[in-house]
Structures are given as structure tokens and as C-alpha cells.
Protein chains: 2
Amino acid sequence: MSFAETFKALSDPARREILLMLRNKKMSAGEIGSHFDMTGATVSYHLSVLKKADLVYETKQKNFVYYELNTSVFEEIMLWFAQFKGENSDENQ
Amino acid sequence: MSFAETFKALSDPARREILLMLRNKKMSAGEIGSHFDMTGATVSYHLSVLKKADLVYETKQKNFVYYELNTSVFEEIMLWFAQFKGENSDENQ
DNA sequence: AATCTATTTAGAAAAATTTCTAAATAGTTT
DNA sequence: AAACTATTTAGAAATTTTTCTAAATAGATT
């Protein structure tokens, strides 16, 4: 996982919305797309960005592609943020 | 604070690097710039993005502009991420 | 096998971001 | 006040991202 890829993926509002939608259930590409005012091709692009960033993974069933959260990467991001907590050695200069 | 702005700001490697540099000490724009292979103007642009995202704030002293972390926004981002932890109601579908 | 349904890929246009050089600003020192 | 130092702003070029339409793929159904 690269933080560059992960944060880039998180930097788009539609992609963050998709992640929120996937919190409680896996959804097909089409189902995800129907929540947005964009073409299926565009949604597919956003899903590919999330996938490359390992924020989601897909499983295929019939001719549907289901997406779900990959929570493990969230843990790693939390660790990155943890760097900014607490260890304020030289409080002020 | 807008998550759009915050995550956009975090999506650039130089800007993440700047945030890491600011963990323990405030630094002037020039000092920050000397760690990168880019012009002062470019560094100034990145600092302005971080500032707009409320990830840093500046204080002026003499003709130096010092930057330091605004840790409160980090807390809010952590809260955003917390949405993805634990509350897995419908485990699988 | 032909058609239909769901999704992705390709290629192009539009929009946003990143970077630079040159000039402007603002405060400091001589 | 003139010159200097630190930083920002303006404007332009290069790059990347986002979006679309049209075509391609792949599996399912008739």
C-alpha cells in the first residue's frame, strides 16, 4: 500500500461517498452508480481508483461485480495519523 | 473545515512531508523549502493549500513566516475514519 | 447462437493541479 | 530612504485527473 495512492483515492468526494455507502453492505457497481449523477463508466473509473488503493475489493457473482470495504487499509491510515498525536516533544520554539 | 479540502491537501506527498516535518517544531517557509527540490514559490503554494485546509497555521516574526501544525483538524479526520470502525451491522450479504 | 444485462476499457475533451519564472509585497537593516 | 531578506502573488506551461461517448468484454437468458 502507498499512502500517495490511498490519500489520492480519498481526496475525491464521490469516492469518499462510495466508501461510506459500503460501510454496511457490499454493493454492485450498478447499485453504486445509481446513487450518483454520472455515467457507469465514470463510476467504474472511481471504483478502479479505490481498488488500486486497496480501499475496496471486488467479488464477482453472475454478471455482477460486487464491491466491499477492505478495512485493513483503514487501520494503516489510522497509524499514519497516529504519528501526529501525543509525541509533541519540543512543545514550542 | 471541509473534508474535501482536507483530503485534497493530504493527497500530495510534499504536503504530507511538510506535515511530518512540523510535528515537533514550527518552521519558517524558507526552512521548510530548503528540504525540497522546488522553488520557494512552489513551497508557498503548498503551504497555502495546507493553510486553507486548516492543517497548519502561520505566525509572523520579523520578516519570517512560521508554520505549525493545527492538531485539532487531525482529530476531526480521525473521527471521519472512525466511521469505518466497528459498526459492521450487516456483516455479510 | 443470438440477445440481453452489467461492467470495463479506450480515447478524447474539459477541468484542476502542480510547477516554474518574474514581479510584487512587506518587514529589516544599514 | 536605499538596499536587503523572506515570502507571496500572477501568469503561463506542463501534467494529472475527471468525465464523457462509444466500443469491447463477459456472463446469463431465450
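Note that these values count all heavy atoms, side chains included, but never hydrogens, waters or copies made by symmetry. First the proteins, then the strands, lettered A, B, ... as listed; each starts at 1.
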Problem set entry | Aromatic ring pairing A/Phe81/B/Phe81, orientation class (parallel under 30°, perpendicular over 60°, tilted between) |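 Geometry flag for B/Phe81 against A/Phe81: tilted rings.
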
If you measure from [atom1] on [X] to [atom2] on [Y], what distance do you get to the nearest 0.5 Å?
| X | Y | atom1 | atom2 | value |
| --- | --- | --- | --- | --- |
| B/Asn70 | B/Leu50 | CG | CG | 11.0 Å |
| A/Met78 | B/Lys85 | CE | NZ | 6.0 Å |
| A/Ile18 | A/Asp12 | CD1 | CG | 8.0 Å |

Please work out if [X] contacts a base, only the sugar-phosphate, or nothing of the nucleic acid, heavy-atom cut-off 4.0 Å.
| X | result |
| --- | --- |
| B/Ala41 | base |
| B/Gly30 | sugar-phosphate |
| B/Ser48 | nothing |
| A/Phe36 | nothing |
| A/Lys8 | sugar-phosphate |

Problem set entry | Side-chain (B/Arg16) to main-chain (B/Leu10) donor-acceptor, under 3.5 angstrom |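 Side chain of B/Arg16 to backbone of B/Leu10, a donor-acceptor pair under 3.5 Å: yes, one is there.
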
Exercise. Any donor-acceptor pair under 3.5 Å linking the side chain of A/Arg23 with the backbone of A/Leu69?
Worked result: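 No; zero donor-acceptor contacts below 3.5 Å.
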
Side-chain heavy-atom pair [X], [Y] within 4.5 angstrom cut-off:
| X | Y | value |
| --- | --- | --- |
| B/Tyr66 | B/Lys25 | no |
| A/Phe74 | A/Leu19 | yes |
| A/Asp54 | A/Thr6 | no |

For this session: Please determine if B/Glu5 and B/Lys52 form a salt bridge, counting it only when a charged side-chain N lies under 4.0 Å from a carboxylate O.
Result: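 No salt bridge links B/Glu5 with B/Lys52.
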
For this session: Report the C-alpha distance between A/Phe36 and A/Glu17 in whole Å, list the side-chain angles of each, state the deciding distance to 0.1 Å, and finish with yes or no for side chain to side chain contact (heavy atoms under 4.5 Å, CB included).
Result: CA-CA 10 Å; A/Phe36 294 97; A/Glu17 185 62 30; 3.6 Å; yes

Problem set entry | Axis deviation across the helix from C/dA1-D/dT30 to C/dT30-D/dA1, five-pair ends, to the nearest 10° |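 Rounded to the nearest 10 degrees, the bend comes out at 10°.
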
Problem set entry | For DNA chain D, the residues among residues 11-21 of chain B that have a non-hydrogen atom under 4.0 Å from it |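 Within this stretch, nothing sits under 4.0 Å of the strand.
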
Exercise. OH of B/Tyr45 versus P of C/dT19: gap in Å, rounded?
Worked result: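 Atom-to-atom, B/Tyr45 to C/dT19, this comes out as 8 Å.
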
Problem set entry | Rounded interatomic separation in angstrom, taking OH from B/Tyr66 and C1' from C/dA26 |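 Roughly 16 Å, once rounded to whole Å.
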
Exercise. 5'-most contact on DNA chain D: A/Met38 or B/Leu47, nearest heavy atom basis?
Worked result: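 Its nearest nucleotide lies further toward 5', so the answer is B/Leu47.
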
Problem set entry | Residue whose nearest DNA chain D nucleotide is more 5′ - A/Lys62 or A/Asp37 |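 The residue mapped nearer the 5' terminus is A/Asp37.
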
For this session: For DNA chain D, note the earliest and the latest nucleotide, 5' to 3', having some atom under 4.0 Å of a heavy atom belonging to chain B.
Result: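 The contacted stretch runs from D/dT5 to D/dT9.
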
